[in-house]
Amino acid sequence: MSDLNDQATARREKLQKLMESGIEPYPHGYQITHDIASICDSFVSLFGTEVKIRTAGRIMRIARKGKISFIDILNNGASIQLVLSKAHMGEGYSLIPLLHLGDFIGVEAQAYRTETGQESLFTQSVEVLAKALRPLPVPKQKRNDDGSIEVFDPFSDTELRYRKRYIDILVNPESRTRFIWRARILTFIRSYLESHGFIEVQTPILQAQYGGAQARPFSTQYNALDMNVFLRISNELFLKQCIIGGLPRVFEIGKDFRNEGIDRTHSPEFTMIEFYQAFADYRDMMVHFEHIFAGAASAIHGSTVIDYCGTTIDLTPPWKRITFHEALKEHAGTDFDTMTEQEVRTWCRQEHIEVTENDTKGIMLLAIFAEKVEHRLIQPHIVHDYPRESTPLCKRHRVDGDLVEQFEPYINGWEMGNAYTELNDPQIQRTLLETQNDHGRGGADEDYPVDEGFLEAIEYGMPPTGGAGIGIDRMVMLLTGAQNIRDVILFPLMRPDNGTQAEKTAITK
RNA sequence: GGGCCGUUAGCUCAGCUGGUAGAGCAGCAGACUCUUAAUCUGCGGGUCGGAGGUUCGAUCCCUCCACGGCUCACCA
């Protein structure tokens, strides 16, 4: 107790007083007749009637004015003012000084308007439902004459908002709304895919081998089997095995894990949706992509034209389609088609793009694209037909053998996903994966083990298939105006705070 | 990993070129029958992120460390 501050001490003292007067501060439940939102929605029909309203919420404001008090309670994003009068409540009124911001209470009340006309609940009785022992930061808002909203005492410290997200989503409506929108986006995607005949499957996160993307994995030790296991970096190889197994349209929404740096658009733990459709090719996937984004935007904003931090972005299908080479020509200002590998290398060095003597023309073009093109693709673009070096899992282009049938949608300068006409020739697949393993694509010490189980599966026969992946977090960022990926992740990974229990258990050496 | 910036009360922030800290909200005590970002009066609350150093004296200057933010690099 001695290390408690005055805030915590005060709450414990009042908790004690509650208990001394025979009040259970943590009862088991409270039957409500209306939630706060429904009271607000139907206030006009409730007002003037004798209807007894039982509702509950968390105290967000207390204004005591002697024999009358005003308390705002909040539940599920809706709040309403209680009017409590000593004359009507009698002894019950003496409970009020024992209440704090953050406490949960239940009330019996009737719809009421104050003298200033504010919709309120005239309260007969109050019951404590859960006493808070820590003080809640309570930002206050003022609506100015010009309609703008001024916030006082905001809960704005980025680190605290991430570490104590429950406070952030409680007191910052824009943060709360963002996570509700995230849920609606996911609901929309599921309903879109299900309505197109896809089924949702779940494939392993813990894997003996990782694959399906180029990324470094997390690894851990599984004691019972005495083996090293990896957290998946992609769902791709298992979802293709579903296709092989006769589930012709599958999708999975789940976490992937990549043991790489964190920045504004990268999180080590992120949500990806991948979907695969038998007998389709990458052109079919383009249509899905456009409609998933446009539909998700409509689901939360009612429009396919959105604003991202001041930039108007039109997601209405169809999006502009541009080949990889056209995009390079347009944004890098050079036609690389006719240049030799050595000429491209020279060009890169003039532009200070790092390339090595071993880099093929395709690899260098990918580097140029990343450097010169990506950030300029603000309005939705589908960039298609990549150099074949881009990926070993994609089918060779039906016309130009130097290319693969891959596309990546770009919006706001961000890569939003990735899609292929999937490679289904088992012999070519084996060659490409084995070659990748030899080269260790990053050039460095990276290891891309060949997944024999996948190669064997594909030898049983895989139909022509279109596949796609969408980075859900970036998609939510775009659609909700978030500037950092951590703003769309409820509880982003943080280093342990000094002195917390987490630190004591997390530090292993 | 590099660069820059930050860390002061539960929250949001002041603190001038070094003299051991202030405000508003929140909290406590009291007053107030219709308020609505802080009503009024009074009060309490801080190892100024941590450890060293310089100095008679450090929230302030220096070094290291921790955590965080932005950014570059790496990376889909």
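Each chain gets a letter, A, B and so on, in the order the sequences are listed, and its residues count up from 1. These numbers come from a predicted model, not from an experiment.
With Arg388(A) contributing its side chain and Arg396(A) its backbone, the two residues share no donor-acceptor pair below 3.5 Å. In terms of modelled atom types and a separation under 3.5 Å, the side chain of Thr123(A) and the main chain of Leu84(A) share no donor-acceptor contact. Counting only distance, with no hydrogens or angles, the side chain of Asn172(A) and the backbone of Ser175(A) share no donor-acceptor pair below 3.5 Å. Between the side chain of Arg165(A) and the backbone N or O of Leu490(A) there is at least one donor-acceptor pair closer than 3.5 Å.
In this structure, His100(A) reaches the rC28(B) phosphate: one of its side-chain N or O atoms is under 4.0 Å from OP1 or OP2. Within the 4.0 Å cut-off from OP1 or OP2 of rG68(B), at least one side-chain nitrogen or oxygen of Arg495(A) is found. A sub-4.0 Å separation between OP1 or OP2 of rC28(B) and a side-chain N or O of Lys17(A) is absent.
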Decide salt bridge (charged side-chain N to carboxylate O under 4.0 Å, His left out) for Glu13(A) and Lys131(A); before the verdict, give the C-alpha distance in whole Å, the side-chain angles of both, and the deciding distance to 0.1 Å. CA-CA 11 Å; Glu13(A) 284 170 2; Lys131(A) 185 77 192 152; over 6 Å; no
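Looking at Ser69(A), its side chain has no donor and acceptor atom pair within 3.5 Å of the base of rU33(B). With hydrogens and angles ignored, no donor-acceptor pair closer than 3.5 Å exists between the side chain of Arg64(A) and the base of rU39(B). In this model, no side-chain donor or acceptor of Asn5(A) finds a partner on the base of rG45(B) within 3.5 Å.
If you check every strand for non-hydrogen atoms under 4.0 Å, Phe155(A) touches sugar and phosphate atoms only. Looking at heavy-atom distances under 4.0 Å, Ala87(A) makes contact with a base. At the heavy-atom level, Leu160(A) lies under 4.0 Å from the strands shown only through sugar-phosphate atoms. Counting any heavy atom pair closer than 4.0 Å across all strands shown, Arg163(A) reaches sugar-phosphate atoms only and no base atom. Nucleic acid contact class of Ser156(A) (heavy atoms, under 4.0 Å, all strands): sugar-phosphate only. Base contact: Glu374(A) has a heavy atom under 4.0 Å from a base atom. Using a 4.0 Å heavy-atom criterion, one finds that Gln141(A) contacts the sugar-phosphate atoms exclusively. Within 4.0 Å (heavy atoms only), Phe270(A) reaches no atom of the nucleic acid at all. Among the heavy atoms of the strands lying under 4.0 Å from Glu159(A) are primed sugar atoms or P, OP1, OP2 only; no base atom is included. As judged by a 4.0 angstrom heavy-atom cut-off over every strand, Tyr112(A) is placed among the base-contacting residues. Backbone-only engagement by Lys140(A) is indicated by non-hydrogen atom pairs under 4.0 Å involving sugar-phosphate atoms exclusively. Base engagement by Gln81(A) is indicated by at least one non-hydrogen atom pair under 4.0 Å involving a base atom. Using a 4.0 Å heavy-atom distance criterion, Asp72(A) is classed as making no nucleic acid contact.
Aromatic pair Tyr308(A)/Trp414(A): ring centres closer than 6.0 Å.
Going from atom CG of Asp157(A) over to atom C1' of rG49(B) covers 12 Å, rounded to whole Å. If you measure from atom CD of Gln483(A) to atom C1' of rC70(B), you get 12 Å, rounded to the nearest angstrom. Taking atom NZ of Lys164(A) as the reference point, atom P of rC11(B) lies 7 Å away to the nearest angstrom. Arg11(A) has its CZ atom 18 Å from the P atom of rG45(B), to the nearest Å. Straight-line distance from the NZ atom of Lys67(A) to the P atom of rG30(B): 15 Å, rounded to whole Å. When the C1' atom of rA29(B) is taken as reference, atom CG of Leu98(A) falls 14 Å away, rounded to whole Å. One atom, CZ of Arg161(A), and another, C1' of rG6(B), lie 16 Å apart when rounded to the nearest Å. The CG-P distance, from Asp263(A) to rG68(B), rounds to 15 Å in whole Å.
A salt bridge links Glu290(A) to Arg321(A): at least one charged side-chain nitrogen sits closer than 4.0 Å to a carboxylate oxygen.
In this structure, Arg258(A) forms no cation-pi arrangement with Phe270(A), as its terminal cationic atom is not both closer than 6.0 Å to the ring centre and no more than 45° off the ring axis.
No hydrogens or angles considered: a donor-acceptor pair under 3.5 Å links the side chains of Arg474(A) and His266(A).
Comparing rA26(B), rU35(B), rC28(B) by their nearest atom to the side chain of Lys14(A) picks out rC28(B). Checked against rU39(B), rC11(B), rC70(B), the side chain of Asp153(A) finds its nearest nucleotide in rC11(B). For Gln118(A), whose side chain is taken as the heavy atoms from C-beta onward, the closest listed nucleotide among rC11(B), rU36(B), rA37(B) is rU36(B).
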Let's test your reading of the pairing rules: Watson-Crick or G-U wobble, both distances under 3.5 Å, then write RNA chain B as a dot-bracket string with ( ), [ ], | and dots. (((((((..((((.....[..)))).(((((.......))))).....(((((..]....))))))))))))....
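If Arg474(A) and Arg113(A) are placed on RNA chain B by their nearest nucleotide, the residue sitting closer to the 5' end is Arg113(A). Heavy-atom distances to RNA chain B give each of Arg486(A) and Gln7(A) a nearest nucleotide, and the one nearer the 5′ end belongs to Gln7(A).
Listed by first then second residue, pairs satisfying ring pair (Phe, Tyr, Trp, His ring centres under 6.0 Å) with a partner in residues 152-178 of chain A number zero, not counting sequence neighbours.
For the P atoms, the distance from rC4(B) to rG27(B) is 42 Å, rounded to whole Å.
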